[in-house]
Protein chains: 2
Amino acid sequence: MDKLTDRKKRLLEAVVDSYITSAEPISSAAIQQGYMPDVSTATIRSELAGLEEMGYLVKPHISAGRVPSSKAYRFYVDSLMQNVTVQDILTLEEEGKARIDGVESIVKEAVKVVSDVTNYTSLMVLEGVDDLIVRQVKLVGLGDNTALVIIITDGGVLKDSVITLPEGTDEGYLESACSLINGSMAGRSIRSITGGDIISGVEEFKALFDQIINLLKQYVSGGEVYVEGADKIFAYPEYRDVENVKGFLSVISQKDKLQELTSGDGVEITVKIGAEEGVKNMAVVSAKYSVSGRQIGHVGVIGPERMDYKKVIKVLTTLGKLSEEKKEDGNGKEKAGRKGSDV
Amino acid sequence: MDKLTDRKKRLLEAVVDSYITSAEPISSAAIQQGYMPDVSTATIRSELAGLEEMGYLVKPHISAGRVPSSKAYRFYVDSLMQNVTVQDILTLEEEGKARIDGVESIVKEAVKVVSDVTNYTSLMVLEGVDDLIVRQVKLVGLGDNTALVIIITDGGVLKDSVITLPEGTDEGYLESACSLINGSMAGRSIRSITGGDIISGVEEFKALFDQIINLLKQYVSGGEVYVEGADKIFAYPEYRDVENVKGFLSVISQKDKLQELTSGDGVEITVKIGAEEGVKNMAVVSAKYSVSGRQIGHVGVIGPERMDYKKVIKVLTTLGKLSEEKKEDGNGKEKAGRKGSDV
DNA sequence: ATTAGCAGTCAAGGGGCGCGAGTGCTAACA
DNA sequence: TGTTAGCACTCGCGCCCCTTGACTGCTAAT
């Protein structure tokens, strides 16, 4: 009685499936009608009792139908994951026409699309980018002993930052500093630069080096987060209860929490379900997200535990594949040759 | 009976004041106790009846105390605004030590401080920046017929963008394009550049010009929005009701709505209260926000209609003054000379 | 192993009731 | 004329009780 028989599995899927659409406790009769017309409700009941004992199902109260536990959802998505393949490519055209505008706007568009297509609140968590290769560092004097640092990497330009220079420096100083910096940083990854083994040979530039390395460190910690469609949550009846909304809002306002939730170590798709995974009465599905073949973060969806996992996983998988394909593809619309690898 | 007598005014303020802290209907007895021990509750009642008739007060039901209407709040803040002066500078030290990191992180810090100090959800709406002066435009070739455009203005660097070049261009092309572009754009405001009167004299560079102007246009539409402390809202009992939370969440997820709500034309402090102003059961207080003497957007606070306007207005005013003072000050903490500094 | 039938359980919804907070009105008073 | 005390009235709220109906678990027969 400890093992999931085949029928129990089908039953379990039936319960989860129904509950995902109805959001109300599922009775034995309902299952019989919708899924297993050839066995009696009594049989179903006894099977359900078994599943309940195993912790897959829960009864809100003794005379109510069954509701899936987190464990049930877990089972459900796990069995779902087994046949995840790149199926019919969903109409994510929008993402296809990836704009010229640099990472930020692509990301914004993507997160919007995900939210619209799935009808859940969607997330984009950009992560620290410590494996970017620094291509070039530029210093632009701004007068008043300040200069703008522009760090160009193979993944785009790190955002603007101003540093201060020692008293009384001139353009010449900037130029020599610049070439010195490029000499020791260009071509290396951010990780290795911030690793600490880089020292300006020249005492005069030490402070400058330190400032730039600090900037880089800051970027590494990264963690921009975009949330789209937060109000979509009210489409789901569980959010008539303020407590749940509270939990939801609290999660999506904590950037670090989101970061943690969406980061599956290396896995393509991560699914976190329920309180044990830090999201009471909620679920978070997330996938790696890449632009131009480089992984820059994770896209995700957050919603009720009875999320439409099928749909969500499909959408995220598709998006993931799309964004990865670009690697081969250059960033042009035509894919002739590899004449134009990444940006 | 159509005019607000002096006593009525005091009474009105008393009601709003109490309600702001208690969130419960105010009875005549409560007012007598806390504000006017020298008149009887009966008198107060008859006065309140008058105020109610004038539309300042509302009774949830016939045997309940009074609750302020939006009109009452409006009166309240208006009378408040008359004695807004720079009072005791609040401990906004955090803002003082404005970091080196450029606008973005200053803004993030500011919005966080506002939320923490006021204990409301705070907003920062960055606006289109069409009066920035373009200082310099740089083109950095990236190979593969693409180039990075870096537009340096007196307000910082506009974000990274990649453009495509005509086939078969080389460094020389970039260089001459660059100087041509700078020749016609440097020193001018974004508004005037996008105004449309700039044309590349040379046919060869026309496409390039157009792309850059398009980029600028995009920036002008601007509208970055930061929201901090969204979950603080649950500290206030009106948000036990899901409907209100719904309204709240819906407002803070609409960037354009936030933009509209916080933009008071030229006014230092804007206060929008209630449904007539687009925020049912809520209020939004906002102020201009400047960095280094340049106005870059608006900070604001959103919360229940019975917001602690005194506190909020004080905080925002102070922050506004602080950020404007920098204009005079250079951008350093010590104001000796203009020797530079910042950090 | 499955089924029909039956008794048991309990959430949800509705009506009735008493309490108490707070009002409006009226008549008396300064 | 403005203020006050007193009183009757109103109505939301919480409480209890009841009924209904949707389920289940159990048992005995197939």
Side-chain angles (χ1 to χ4, degrees), chain A residues 1-12 14-15 18-19 22-69 72 237-238 240-241 243, chain B residues 1-12 14-16 18-19 22-69 72 237-238 240-241:
Chain A
M1 196 47 104
D2 236 334
K3 192 68 211 236
L4 275 179
T5 68
D6 202 60
R7 188 165 68 184
K8 278 203 174 61
K9 284 183 189 170
R10 280 191 300 135
L11 217 35
L12 192 46
V15 174
S18 308
Y19 191 70
S22 78
E24 278 175 3
I26 310 301
S27 71
S28 50
I31 295 182
Q32 188 196 34
Q33 275 200 334
Y35 296 81
M36 322 180 85
D38 41 354
V39 285
S40 77
T41 61
T43 311
I44 294 176
R45 273 204 294 282
S46 71
E47 289 282 61
L48 290 179
L51 285 168
E52 185 177 350
E53 207 177 346
M54 293 187 228
Y56 286 105
L57 299 178
V58 167
K59 276 194 308 230
H61 57 89
I62 197 156
S63 71
R66 260 82 173 192
V67 165
S69 69
E238 25 276 273
R240 309 266 175 75
D241 179 358
E243 276 313 303
Chain B
M1 196 46 102
D2 236 334
K3 194 69 208 239
L4 274 180
T5 68
D6 202 57
R7 188 165 67 181
K8 278 203 175 57
K9 284 184 190 170
R10 280 191 301 134
L11 215 36
L12 192 47
V15 174
V16 177
S18 307
Y19 190 70
S22 76
E24 277 173 7
I26 310 301
S27 71
S28 51
I31 296 183
Q32 188 194 36
Q33 274 200 334
Y35 296 82
M36 321 182 87
D38 41 354
V39 286
S40 78
T41 60
T43 311
I44 294 177
R45 271 204 294 284
S46 71
E47 290 281 60
L48 289 180
L51 284 168
E52 185 176 350
E53 206 177 349
M54 295 187 225
Y56 287 104
L57 298 178
V58 166
K59 274 195 307 230
H61 56 88
I62 197 156
S63 70
R66 259 82 172 192
V67 164
S69 70
E238 26 275 272
R240 308 265 175 76
D241 179 358

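Order of the sequence lines sets the chain letters (A, B, ...), proteins ahead of strands, with each chain counted from 1.
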Distance, rounded to the nearest Å, where [X] contributes [atom1] and [N] contributes [atom2]:
X: A/L48; N: D/dC23; atom1: CG; atom2: C1'; value: 12 Å
X: A/Q32; N: D/dA22; atom1: CD; atom2: P; value: 16 Å
X: A/I62; N: C/dA7; atom1: CD1; atom2: P; value: 18 Å
X: A/I44; N: D/dG25; atom1: CD1; atom2: C1'; value: 15 Å
X: A/Q33; N: D/dA22; atom1: CD; atom2: C1'; value: 14 Å
X: A/R240; N: C/dA12; atom1: CZ; atom2: P; value: 14 Å
X: B/H61; N: D/dC9; atom1: NE2; atom2: C1'; value: 14 Å
X: B/E24; N: C/dG22; atom1: CD; atom2: C1'; value: 13 Å

So, is [X] near the phosphate of [N], with a side-chain N or O under 4.0 Å from OP1 or OP2?
X: A/K59; N: C/dT9; answer: no
X: B/R45; N: C/dT26; answer: no
X: B/T43; N: D/dG2; answer: no
X: A/R66; N: D/dG25; answer: yes
X: B/S63; N: D/dG12; answer: no
X: B/R7; N: D/dT3; answer: yes

Notebook entry, point to check: What is the nucleic acid contact for B/S28, judged by heavy atoms within less than 4.0 Å: base, sugar-phosphate only, or nothing?
Noted result: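 Here B/S28 touches the backbone only, sparing every base.
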Next item on the list: Pick base, sugar-phosphate or nothing for B/A64, based on heavy-atom distances below 4.0 Å to the nucleic acid.
Entry: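 Sugar-phosphate, no base atom in range.
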Rounded at 0.5 Å granularity, tell me how far [atom1] in [X] sits from [atom2] in [Y].
X: B/L4; Y: B/L51; atom1: CG; atom2: CG; result: 6.5 Å
X: B/S28; Y: B/E47; atom1: OG; atom2: CD; result: 12.0 Å
X: B/K8; Y: B/L48; atom1: NZ; atom2: CG; result: 9.5 Å

Checklist line | Closest to the A/A49 side chain, choosing from D/dG25, C/dT3, D/dA5 | finding: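 Taking heavy atoms from C-beta onward, the closest nucleotide is D/dG25.
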Check: What closest approach, in Å, do B/V39 and B/R7 show between heavy atoms, and which atom pair accounts for it?
Finding: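 That would be CG1-NH1, 4.0 Å.
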Next item on the list: Answer yes or no: are there more than 12 heavy-atom neighbours, outside A/E24 itself, under 6.0 Å from its atom CD?
Entry: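 Count not over threshold, so no.
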Checklist line | Nearest-nucleotide comparison on DNA chain D, the residue closer to the 5′ end among A/G65 and B/D38 | finding: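 Result of the comparison: B/D38.
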